[in-house]
Protein chains: 2
Amino acid sequence: MFSKACEYGIRALTVIAKKTEDGSKVGIKDICKASNTPESFTAKILQNLAKKDIIQSQKGPSGGFYIDRDLSEISLYDIVDAIDGPSIFFGCGLGLKECDASRPCPMHDSFESVRDDMMKMCKENDLQSLITGLNKDTYQR
Amino acid sequence: MFSKACEYGIRALTVIAKKTEDGSKVGIKDICKASNTPESFTAKILQNLAKKDIIQSQKGPSGGFYIDRDLSEISLYDIVDAIDGPSIFFGCGLGLKECDASRPCPMHDSFESVRDDMMKMCKENDLQSLITGLNKDTYQR
DNA sequence: TCTATAAAAGATATTAAGGTCTTTTATTCT
DNA sequence: AGAATAAAAGACCTTAATATCTTTTATAGA
Ligand code: FES
Ligand code: FES
């Protein structure tokens, strides 16, 4: 459904969010241990998210990643859009250049509503709600 | 959402289904022109679908692809499962080894219902319903 | 039986996703 | 100022998806 980059990104973000809630920053090594994601690859993903201002980062000793906004302001939609782009929310299910209700593909009528549900779900979920119940072995499997 | 192979596969199948409804077989060239898909790649996809008995094929003059079952018996679910496998219907949204409600990832509760909607949609749609309204320029864009 | 046709099979090529490694830059602390 | 730390940046590698090409096999029809 989502790319690996997106899966890792979301997992890493929940770890950062949790730490942010505790009032501290967290380094890439700890993030990747907790989120069970490959370190160098996840670093690239976070670099991208930092550039897009979804998260903040600080270099040097006592540096790391953190979030400077209210966690409830960062939706799953924002995250998926930042990493995988908007095509999952707007693209045609059969890969036509664009989904166009006036020239529907055979799947359009049914697909559109599933896709919209997905979008709604992603807009309703945010980092605050995602970290409720998150514990340190959630991703260890 | 779906792989290119799956998108092409579905598109090609609707073309074959339409021809089957007219009582004739159709060759790979015509299929790919009508479905607007790359020829050699689509041939591989159809080969796979023929092996899995979703479609039938006949070699030689006046040969081609066709379908020997009631079109309404072949669901989108069968097609997607045959080409992309079942992970889109059962996999964890955050990429954990398996989706397990007793050890849910942070997305589980919301994701499961969207994924189930997708599955329901795919089980409800079949080749018969997909080809209603299909015309020869549906895919030409 | 021979030829033409069309799919199957297999080999190969290209591109994008996934992943790693090394060097550079910024920052803190001594 | 200098050393240590940690992210950014960029180069590089690997694998899987996408795509093409060539050879083989089956079949219909002359
Ligand atoms: S046109 Fe294909 S999903 Fe809308
Ligand atoms: S455990 Fe992740 S979606 Fe069910």
Side-chain angles (χ1 to χ4, degrees), chain A residues 1-13 15-16 19-20 24-33 35-68 80 82-85 87-88 94-95, chain B residues 1-13 15-16 19-20 24-33 35-68 80 82-85 87-88 94-95:
Chain A
M1 194 77 88
F2 303 114
S3 69
K4 283 286 160 203
C6 200
E7 290 173 358
Y8 296 159
I10 297 166
R11 280 151 65 170
L13 281 173
V15 172
I16 299 170
K19 274 286 179 184
T20 291
S24 59
K25 302 185 192 102
V26 56
I28 188 70
K29 281 206 180 98
D30 289 342
I31 292 169
C32 294
K33 261 174 217 151
S35 61
N36 198 15
T37 60
E39 198 174 305
S40 298
F41 190 33
T42 305
K44 287 292 178 202
I45 297 161
L46 293 184
Q47 207 174 304
N48 171 37
L49 290 173
K51 205 172 294 177
K52 290 181 175 155
D53 215 45
I54 307 268
I55 55 174
Q56 283 61 50
S57 66
Q58 182 166 27
K59 292 182 182 178
S62 84
F65 294 93
Y66 63 101
I67 294 168
D68 70 358
V80 172
I83 304 177
D84 278 352
S87 75
I88 196 174
L94 293 187
Chain B
M1 195 77 89
F2 303 114
S3 68
K4 283 286 159 202
C6 199
E7 290 173 359
Y8 296 160
I10 297 166
R11 279 151 66 171
L13 281 173
V15 172
I16 298 170
K19 274 286 179 185
T20 292
S24 59
K25 302 185 192 103
V26 56
I28 188 70
K29 281 207 179 96
D30 288 343
I31 292 169
C32 294
K33 261 175 218 152
S35 61
N36 197 16
T37 60
E39 197 174 308
S40 298
F41 190 36
T42 305
K44 286 291 177 203
I45 296 161
L46 294 184
Q47 207 173 306
N48 171 36
L49 290 173
K51 206 172 293 178
K52 291 180 174 156
D53 216 45
I54 306 269
I55 56 174
Q56 282 61 50
S57 66
Q58 181 166 28
K59 292 181 180 178
S62 84
F65 294 92
Y66 62 102
I67 294 168
D68 71 357
V80 172
I83 303 176
D84 278 352
S87 76
I88 195 174
L94 293 188

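The figures here come from the full heavy-atom set of this structure, side chains too, leaving out hydrogens, waters and symmetry mates.
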Counting only side-chain N and O atoms of [X], is one of them less than 4.0 Å from OP1 or OP2 of [N]?
{"X": "B/Y8", "N": "D/dT18", "value": "no"}
{"X": "B/S57", "N": "C/dA8", "value": "yes"}
{"X": "A/Q58", "N": "D/dA7", "value": "no"}

About how many Å separate CG of A/D68 and CG of A/D53, when rounded to the nearest 0.5 Å?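 Going from the CG atom of A/D53 to the CG atom of A/D68 covers 6.5 Å.
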Kindly compute the distance separating CD1 (B/I28) from OG1 (B/T37), expressed to the nearest 0.5 Å.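 Nearest 0.5 Å value for the CD1-OG1 distance: 6.5 Å.
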Atom-to-atom span, [atom1] of [X] to [atom2] of [N] - whole angstrom:
{"X": "A/N48", "N": "C/dG18", "atom1": "CG", "atom2": "P", "value": "13 Å"}
{"X": "B/K4", "N": "C/dT14", "atom1": "NZ", "atom2": "C1'", "value": "16 Å"}
{"X": "B/K25", "N": "C/dA6", "atom1": "NZ", "atom2": "C1'", "value": "11 Å"}
{"X": "B/I55", "N": "C/dA6", "atom1": "CD1", "atom2": "C1'", "value": "14 Å"}
{"X": "B/L49", "N": "C/dA8", "atom1": "CG", "atom2": "C1'", "value": "14 Å"}
{"X": "B/K44", "N": "C/dG10", "atom1": "NZ", "atom2": "P", "value": "8 Å"}
{"X": "B/I28", "N": "D/dA26", "atom1": "CD1", "atom2": "P", "value": "20 Å"}
{"X": "B/K59", "N": "D/dA28", "atom1": "NZ", "atom2": "P", "value": "12 Å"}

Between B/L46 and B/I16, is there a side-chain heavy-atom distance shorter than 4.5 Å?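 Of all side-chain heavy-atom pairs linking B/L46 with B/I16, at least one is under 4.5 Å.
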Determine, stepwise, if the pair B/I88 / B/F2 fulfils side chain to side chain contact (heavy atoms under 4.5 Å, CB included). CA-CA 8 Å; B/I88 195 174; B/F2 303 114; 3.8 Å; yes
Would you find more than 12 non-hydrogen atoms of other residues, nucleotides or ligands less than 6.0 Å from A/K52 atom NZ?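 Yes, the 6.0 Å shell around NZ holds more than 12 heavy atoms from other groups.
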Which sits closer to the 5' end of DNA chain C, A/G63 or A/S3, going by the nucleotide each is nearest to?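 That would be A/S3.
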A/E39 or B/S62: which one's nearest nucleotide on DNA chain C is closer to the 5' end?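 Residue closer to the 5' terminus by nearest nucleotide: B/S62.
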Toward the 5' end of DNA chain D, by each residue's nearest nucleotide, A/P61 or A/K51: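 Counting from the 5' end, the first nearest nucleotide belongs to A/P61.
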Kindly point out which of C/dA9, C/dT20, D/dA9 is positioned nearest to the side chain of A/Q47?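 So the side chain of A/Q47 is nearest to D/dA9.
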